[in-house]
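Quick note: numbers below take in every heavy atom, side chains included, and nothing from hydrogens, waters or symmetry partners.
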Amino acid sequence: MKCNELIQELKSMAALPVDEANTCDTFKSGNPEAEITKVATTMFATPDVVRKASEWGANLLIVHEPTFYNHMDNEVPYPIAKEKEKLIKNSGITIFRFHDYAHSFEPDLICEGELTYLELDGQFKKGKYWATNNYILDEEISAVELAKIIENKLGIKHVRIAGNPNAVGRKISCSFGTPGHLEESLADNNFVLTGEICEWGLGEMARDYAQLGYDKAILVLGHIGSERGGMMLLADRISELHPELETKYIECGEVYSYADKYEV
């Protein structure tokens with residue numbers, strides 16, 4: 001099987017249409033016609049991920065987010081981009097970005113992956129907007145309890161809570177990554193799970209809700225932790241479709257370090 005053949009198969013599984021003329025889902029390096037025996041998935045093609053994938057012998061690396069620091073992976077005028085490009089070229093790995101198509105599955109593949117690993121009892125509901133979905137828990141939970149479950153189940157170092165940490169409810173907006181319409185999602189739900197927010201806007205709105213007596217909170221997971229479950233699930237799906245291919249997820253790690261990890 002060739003890289004492009006596998007990608008076309010994955011694309012065909014999307015239920016919602018994707019504008020091929022404007023999508024960021026393109027090959028970022030390598031040869032789409034290359035034969036594959038090993039496929040790796042990840043969130044970001046960091047230098048360490050590229051090295052690990054190369055050492056493992058991956059022919060194809062499927063990423064969810066940009067390799068070159070902007071949404072469309074357009075060329076940037078910084079030497080670091082050229083250095084990374086050289087590293088990837090020398091590795092011989094073909095890189096494809098699977099973003100728009102992943103969010104166009106039904107259910108959204110990224111959301112499905114996160115909910116799969118969270119193991120929360122409830123009901124999935126398709127969201128009003130692209131890449132934004134809802135989940136109704138069978139039983140009420142507090143924001144702090146939910147945050148602790150997320151940290152334990154998804155391996156996230158710190159979940160930040162904006163709003164009322166003691167808020168109790170069942171309605172969750174699954175706004176993983178950084179989709180739009182979060183103000184509306186917060187208005188309509190008890191909790192918003194997302195990757196990153198603008199603190200002076202949405203964060204302050206959540207604080208105002210709390211100080212005015214509402215059971216509402218935004219749980220900020222970090223971008224990688226909020227979406228990697230989907231790329232882990234993608235690796236499993238590829239393995240099920242093509243057991244003849246060796247497939248695995250390679251962890252890129254959180255983008256932040258934490259001071260409590262280090263001795264001064």
Side-chain angles (χ1 to χ4, degrees), residues 3 6-7 10 24-32 34 36-99 102 109-110 113-114 117 150-160 176-178 195-196 220-239 245-264:
C3 294
L6 176 60
I7 295 303
L10 295 176
C24 61
D25 291 20
T26 59
F27 284 96
K28 307 304 178 182
S29 70
N31 179 13
I36 51 176
T37 57
K38 292 185 176 183
V39 182
T41 68
T42 191
M43 275 294 293
F44 284 87
T46 66
D48 281 352
V49 166
V50 172
R51 294 186 189 106
K52 289 176 183 177
S54 179
E55 290 169 2
W56 181 60
N59 315 105
L60 175 63
L61 177 62
I62 304 176
V63 304
H64 186 61
E65 296 296 12
T67 299
F68 295 105
Y69 323 120
N70 59 76
H71 186 59
M72 299 302 290
D73 283 296
N74 295 323
E75 185 175 353
V76 295
Y78 302 108
I80 189 66
K82 292 296 183 183
E83 189 172 344
K84 186 174 187 180
E85 187 177 34
K86 181 180 179 180
L87 171 71
I88 294 170
K89 183 177 180 179
N90 289 341
S91 75
I93 293 174
T94 298
I95 296 178
F96 183 83
R97 185 174 180 197
F98 198 63
H99 180 273
L109 180 68
I110 300 301
E114 291 289 298
Y117 296 110
I150 292 169
E151 289 179 348
N152 291 331
K153 294 289 187 178
L154 300 184
I156 295 173
K157 180 70 174 178
H158 295 295
V159 173
R160 290 174 291 167
F176 301 122
T178 53
E196 47 188 306
V220 183
L221 284 58
H223 198 112
I224 292 162
S226 79
E227 294 197 294
R228 67 178 157 212
M231 297 308 285
M232 293 167 67
L233 183 60
L234 178 62
D236 291 342
R237 291 277 172 84
I238 294 172
S239 182
L245 299 176
E246 291 188 60
T247 309
K248 74 173 182 178
Y249 171 81
I250 298 177
E251 177 60 45
C252 68
E254 293 188 45
V255 72
Y256 294 110
S257 297
Y258 299 94
D260 58 7
K261 178 182 177 182
Y262 301 95
E263 293 185 6
V264 179

Novice: If you measure from CG on L221 to CG on L154, what distance do you get to the nearest 0.5 Å?
Specialist: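 The distance works out to 6.5 Å.
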Novice: OG1 of T26 to CG of D73: how many Å apart, nearest 0.5 Å?
Specialist: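 Rounded to the nearest 0.5 Å, the OG1-CG separation comes to 6.5 Å.
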Novice: Which of these, T42, T247, T94, L10, sits in a side chain to side chain contact (heavy atoms under 4.5 Å, CB included) with I62?
Specialist: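 It is L10; the other options fail the test.
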Novice: Report yes if the side chains of F27 and I7 come closer than 4.5 Å at any heavy-atom pair, otherwise no.
Specialist: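 The answer is yes; the side chains approach within 4.5 Å.
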Novice: At their closest point, which heavy atom of S29 faces which heavy atom of I93, and how far apart are they?
Specialist: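 Nearest heavy atoms, S29 then I93: OG-O, 3.3 Å.
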Novice: If I compare all heavy atoms of G253 with all of I224, which pair ends up nearest, and what's the gap?
Specialist: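 Nearest heavy atoms, G253 then I224: O-CD1, 3.1 Å.
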Novice: When you check the side-chain N and O atoms of S54 and K52, is any donor under 3.5 Å from an acceptor?
Specialist: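 Their side chains do not contain a donor-acceptor pair, so the 3.5 Å distance test is not met.
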Novice: For E75, is there an ion pair with K82 - N to carboxylate O distance below 4.0 angstrom?
Specialist: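 Looking at E75 together with K82, the answer is yes, because their closest N to O distance falls below 4.0 Å.
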Novice: Flag yes if more than 12 heavy atoms outside Y69 fall under 6.0 Å of its OH atom; otherwise flag no.
Specialist: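 Atom OH in Y69 is packed in, count exceeds 12.
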Novice: Working to the nearest 0.5 Å, report the span between CD of E85 and CD1 of I80.
Specialist: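 E85 atom CD to I80 atom CD1 measures 12.0 Å (nearest 0.5 Å).
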Novice: Measuring from atom CG of L60 to atom NZ of K38, what distance do you get when rounded to the nearest 0.5 angstrom?
Specialist: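 L60 CG to K38 NZ: 13.5 Å, rounded to 0.5 Å.
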Novice: Return the set of residues passing side-chain hydrogen bond (donor to acceptor under 3.5 Å, both in side chains) with K153 (not counting sequence neighbours), or none when no residue passes.
Specialist: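 K153 satisfies side-chain hydrogen bond (donor to acceptor under 3.5 Å, both in side chains) with E119 once adjacent residues are dropped.
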Novice: What heavy-atom pair brings G177 and S226 nearest, and what distance separates the two atoms?
Specialist: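 Closest approach of G177 to S226, heavy atoms only: N-OG, 2.9 Å.
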Novice: Give the C-alpha distance, both sets of side-chain angles, the deciding distance and a yes or no for side-chain contact (heavy atoms from CB on, under 4.5 Å) between V255 and M43.
Specialist: CA-CA 11 Å; V255 72; M43 275 294 293; over 6 Å; no
Novice: Could you walk me through whether R97 and E65 pass the side-chain contact (heavy atoms from CB on, under 4.5 Å) test, one step at a time?
Specialist: CA-CA 7 Å; R97 185 174 180 197; E65 296 296 12; 2.9 Å; yes
Novice: Taking all atoms of both residues into account, what is the closest heavy-atom pair of E246 and W56, and its distance?
Specialist: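 It is O-CH2, 3.4 Å.
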Novice: Mind listing the closest non-hydrogen atom pair of I36 and C3 along with its distance?
Specialist: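 Where I36 meets C3 most closely, the heavy atoms are CG2-SG, 3.3 Å.
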Novice: Do the charged groups of R228 and E114 touch, with an N to O distance under 4.0 Å?
Specialist: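 So R228 does not pair with E114 through a salt bridge.
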Novice: With a 4.5 Å cut-off on side-chain heavy atoms, are I88 and K84 touching?
Specialist: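 The answer is yes, as the side chains (C-beta and beyond) meet within the 4.5 Å cut-off.
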Novice: Please report the interatomic distance CE(M231) to CD1(I110), rounded to the nearest 0.5 Å.
Specialist: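 Spacing of CE (M231) from CD1 (I110) equals 6.0 Å.
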Novice: So which atom in V159 and which in E151 form the shortest heavy-atom distance, rounded to 0.1 Å?
Specialist: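 Closest approach of V159 to E151: N-OE2, 2.9 Å.
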Novice: For the atom pair CZ (F96) and NZ (K28), what is the distance rounded to the nearest 0.5 Å?
Specialist: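 Here the rounded value is 8.0 Å.
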Novice: Does the pair K89 and S91 meet the rule for a side-chain hydrogen bond (donor to acceptor under 3.5 Å, both in side chains), with working shown?
Specialist: CA-CA 5 Å; K89 183 177 180 179; S91 75; over 6 Å; no
Novice: Please identify each residue that fulfils side-chain contact (heavy atoms from CB on, under 4.5 Å) with Y262, with sequence neighbours left out.
Specialist: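 Only S257 meet the side-chain contact (heavy atoms from CB on, under 4.5 Å) criterion with Y262.
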Novice: Taking atom OH as the centre, does Y258 end up with more than 12 heavy-atom neighbours from other residues, nucleotides or ligands that are less than 6.0 angstrom away?
Specialist: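 Yes - once you tally the heavy atoms of other residues, nucleotides and ligands closer than 6.0 Å, there are more than 12.
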Novice: Would a 4.5 Å heavy-atom cut-off, applied to side chains only, mark R237 and L109 as touching?
Specialist: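 R237 vs L109: side chains touch.
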Novice: Are more than 12 heavy atoms from other residues, nucleotides or ligands located less than 6.0 Å from atom CD of E196?
Specialist: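 Yes, enclosed.
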Novice: For the pair H64 (side chain) and F98 (backbone), establish whether a donor and an acceptor sit closer than 3.5 Å, ignoring hydrogens and angles.
Specialist: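 The answer is yes, because a donor-acceptor pair under 3.5 Å joins these two groups.
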